[in-house]
Amino acid sequence: MQSDVRRRWRPRLWTVVLVVLALVLCLPFAGLFLFKFYDSQLVQQTEESLLTQAAVLSATYAQLYERQAEPRAEQAEDRQPLSPVFPSLSINNDKVLPPRPDAARITDPPAPVYRRIAPALTRIGNMAQQRTLAGYRFLDPKGNVIAGTAELGQSLAAVAEVDRALQGQVSSVARVRVREEQEPVLYNLSRGARVRVFVAMPVFVDGAVIGAVYISRTPNHIFRFLYGERFSLAKAAAFVLLSTGLIGFVFWRFITRPIHALIDRTKSVAQDNRKWAPIERYGTREIENLSQSFQSLTERLQSQQNALKSYTAHVTHELKSPLTALKGATELLRDDEMPPAQRHRFLDNIDKDTQRMEDLLANMRAFSLADQNATTGSCSLSDLSDTLQDTFSGLEIVLHNQDRTIPVQQGTLMIILTHLLENAAQHSASQVVLDVSTDDDATWLEVTDNGTGISAGNQDKILTPFFTTRRDTGGTGMGLNIVKATVEALGGRLSLVPQPKGARFRLSFR
C-alpha cells in the first residue's frame, strides 16, 4: 500500500547545498546589475567637477571682462552672499535628455569687449582640456560662442541649459552622448557610458549677466574603474571562490556526511536487524543528539520486538493448557452416561480454566497498556496513605519519608503499589514497609515485606513474564511485569534486592 502513495518531490541535501553555494557565488556578480546606482554616483562626481571648474572660469571670465570694459566710477566692494551649488543629476531618476542641438549661425555679432578677451579665454580652455578632456565654451549674453575649444563663432542660444544660464540660473543636464564610433557591447550594461554631462553657469559683473561658461564632459564609466581595480577584483574573486569552497567543505564535513552516515546506519539496522553502533563523526551537536535518539529508539524497538516474541511464546504456552483442558472436558461431557459427580467435577475444571484465561487476558491487557498508564508527575506516599490502608486492610503498611516527592503521577503510583502489595499479601506477608530516599540524581522507593520471600533459584526468574509459583491457585505471573513495564515507561528501573527474609523491591526514578 505504501508504494501506491504518490511521493512528493523533495530536493536532496546535496542539491540544497549546491543551490546555497551557487547563491553565494552569484552574490558578487549580482553587484554588476547595480551599475545604475554607481553610474549615478559617477555622473554626480562629473557634475560636481564641472561646477567647480565653471565657478573658477566664470570668475576668470568676469575679471577679464572688467579689465577690458569701459572704466567705471569707484564703488564700495559689495560682497555677495554665499550661494553654493550642489550636484543633483541622477540618471536613475531624472530623464536623460536627447543629444544637444547643433549650434546655429550668429545673427548678432558679439561686442568688441568680448573679442578682446576671447583669445585669453580660448588659451585657458585649451590648456584645461589637455588635463580634463572636457569641452569649454565661453558665451556672450546673446549665446554666441566667443571663445573655447569648439564651435567658435556660432550661437548656442537655442540650447535650453544655455538659455537658463543667460537668465541667471545655474543649469546641469545629462544628455544622450553622440559617439562617432560604435560603442562596445559591454557598455550597454552601464547607462553612464552613454550620457554626457553639460553645465551652464552665468557670469555676473555688478549683478548683471555678461555671459556664461558652458562645460561638458563624459562621466567616467564603471568599466574603466573596474579595469583600474582589476588586481583587487581578482583577489576578491579568489577570496569568494575560496570562501565558497570552504562553505561547501563545512556543509559536507559537518552536515552532509554525518546525515548520510545516519541514513546508512538506520538502513543496516532495519534490513539486517543489527545492533546500533555509533557513527564515527557526528559533525554537530544536534546530529549527535539525533544519532543518540535514533540509538535509543532502535534499542527500545528491538527490546520491544524481543519482548513481543517472548510474550507471544509465553501467551501461546499459557493459553494452550487451559484450552486443551477445555477441549478435553467438552468432549467428555458429550457422554450422556457420565455420572453427575464426575460431570460437576469437569464443569468445575471448565470454570476454573475459563477464569484463568480471563485473568490472563486481563493481565495481558494491563501489561500492553503499561506505557499508556505511565504518567509523569509528582506525588508523595502521604497522598496515598488512606487509600492503601483501605484497600489492603489485612496488611500493616509502614511509611517512611512519606512527604518526600516521587516523580510519578498519583494514579500511576497507585497502580504500581497495588500490584506489589497484592504480591506481598499473596506470599503471606503481614507487614509492608514503604521507604522513599532521594539524592541529586535519582529518587528511590523501596517496598519491603515480611512474607515467605523469594528462593535463590527463582530470583533470576521472578521478572520473567508469566513466571509464577502460584499457578495452582490462579497466579498468572504478570503482576511484577506490569510494574516493571510501567516503571520503565517512566524512565525508571525495577530491581529485586536480596535479603534473608521476605522480599524487597527497589524502584528508581531519574
Side-chain angles (χ1 to χ4, degrees), residues 285-286 288-304 306-307 311 363-392 395-425 429 431-449 454 459 462-465 478-499 502-510:
R285 181 65 58 83
E286 290 76 13
E288 180 181 8
N289 294 337
L290 180 62
S291 176
Q292 292 175 352
S293 298
F294 281 158
Q295 181 177 358
S296 176
L297 178 61
T298 302
E299 291 176 351
R300 184 171 181 179
L301 290 176
Q302 289 178 340
S303 176
Q304 289 182 349
N306 295 334
Y311 182 76
N363 285 313
M364 285 189 292
R365 183 176 182 276
F367 180 77
S368 63
L369 296 177
D371 288 350
Q372 300 180 21
N373 292 331
T375 306
T376 58
S378 62
C379 67
S380 62
L381 291 179
S382 59
D383 299 330
L384 302 175
S385 176
D386 294 339
T387 304
L388 291 175
Q389 293 290 352
D390 293 340
T391 305
F392 299 95
L395 289 175
E396 178 188 358
I397 301 176
V398 181
L399 304 180
H400 291 168
N401 302 316
Q402 59 181 342
D403 293 327
R404 289 186 178 178
T405 300
I406 303 173
V408 182
Q409 194 265 345
Q410 182 174 332
T412 302
L413 183 60
M414 187 63 192
I415 294 175
I416 294 174
L417 292 179
T418 297
H419 286 287
L420 291 176
L421 295 181
E422 285 180 350
N423 187 70
Q431 183 188 69
V432 177
V433 179
L434 305 181
D435 185 11
V436 181
S437 58
T438 60
D439 63 11
D440 295 336
D441 297 328
T443 299
W444 291 277
L445 171 59
E446 289 190 348
V447 181
T448 307
D449 64 61
I454 303 170
Q459 290 181 0
I462 194 66
L463 297 179
T464 302
M478 292 296 294
L480 290 179
N481 281 275
I482 294 174
V483 174
K484 180 174 179 291
T486 304
V487 172
E488 290 179 350
L490 293 170
R493 182 171 177 266
L494 173 66
S495 58
L496 175 65
V497 180
Q499 64 177 17
R504 176 180 296 178
F505 292 94
R506 176 179 294 169
L507 293 78
S508 60
F509 303 95
R510 294 186 180 276

**Message:** Quick one, T486 and H419 - any side-chain contact, counting heavy atoms below 4.5 Å?
**Reply:** no

**Request:** Drop me the distance from L413's CG to S378's OG, to the nearest 0.5 angstrom.
**Result:** 11.0 Å

**Asked** CD of E422 to OG1 of T391: how many Å apart, nearest 0.5 Å?
**Response** 9.5 Å

**Atom pair CG/CD1 of L490 and I406 - distance to nearest 0.5 Å** = 11.5 Å

**Request:** Decide yes or no on side-chain contact (heavy atoms from CB on, under 4.5 Å) for L421 and L388, but give the supporting numbers first.
**Result:** CA-CA 9 Å; L421 295 181; L388 291 175; 3.8 Å; yes

**Item:** Side chain to side chain, L445 and L417, heavy atoms closer than 4.5 Å
**Value:** yes

**Request:** Start with the C-alpha gap between V483 and L420, add the side-chain angles, then the distance that decides, and say whether side-chain contact (heavy atoms from CB on, under 4.5 Å) holds.
**Result:** CA-CA 8 Å; V483 174; L420 291 176; 4.3 Å; yes

**Request:** Could you point out which residue of R504, R506, K484 forms a side-chain contact (heavy atoms from CB on, under 4.5 Å) with S495?
**Result:** R506

**Message:** So which atom in L434 and which in L381 form the shortest heavy-atom distance, rounded to 0.1 Å?
**Reply:** CB-CD1, 3.8 Å

**Request:** Look at the side chain of D449 and the backbone N and O of A503, then say whether any donor-acceptor pair between them is shorter than 3.5 Å.
**Result:** yes

**Message:** One pair to check against side-chain contact (heavy atoms from CB on, under 4.5 Å): W444 and D439. What are the steps and the verdict?
**Reply:** CA-CA 9 Å; W444 291 277; D439 63 11; 3.0 Å; yes

**Complete:** Nearest heavy-atom approach of Q431 to L395 is N-CD2, 4.4 Å

**Trace of the side-chain contact (heavy atoms from CB on, under 4.5 Å) decision for T443 with V436** = CA-CA 7 Å; T443 299; V436 181; 4.1 Å; yes

**Request:** Hey, could you give me the CZ/OG1 distance between F392 and T387, rounded to the nearest 0.5 Å?
**Result:** 11.0 Å

**Message:** I need the R404 CZ to S437 OG distance, nearest 0.5 Å.
**Reply:** 7.0 Å

**Asked** What are the two closest heavy atoms between I416 and L507, and how far apart are they?
**Response** CG2-CD2, 3.4 Å

**Request:** Begin with the C-alpha distance, continue with both residues' side-chain angles, and end with the deciding distance and a verdict on side-chain hydrogen bond (donor to acceptor under 3.5 Å, both in side chains) for S382 and D403.
**Result:** CA-CA 6 Å; S382 59; D403 293 327; 3.3 Å; yes

**Asked** Quick one: CG on L384 to CD on Q410, what's the gap to the nearest 0.5 Å?
**Response** 5.0 Å

**Heavy-atom check, side chain of E396 versus side chain of V432, under 4.5 Å** = no

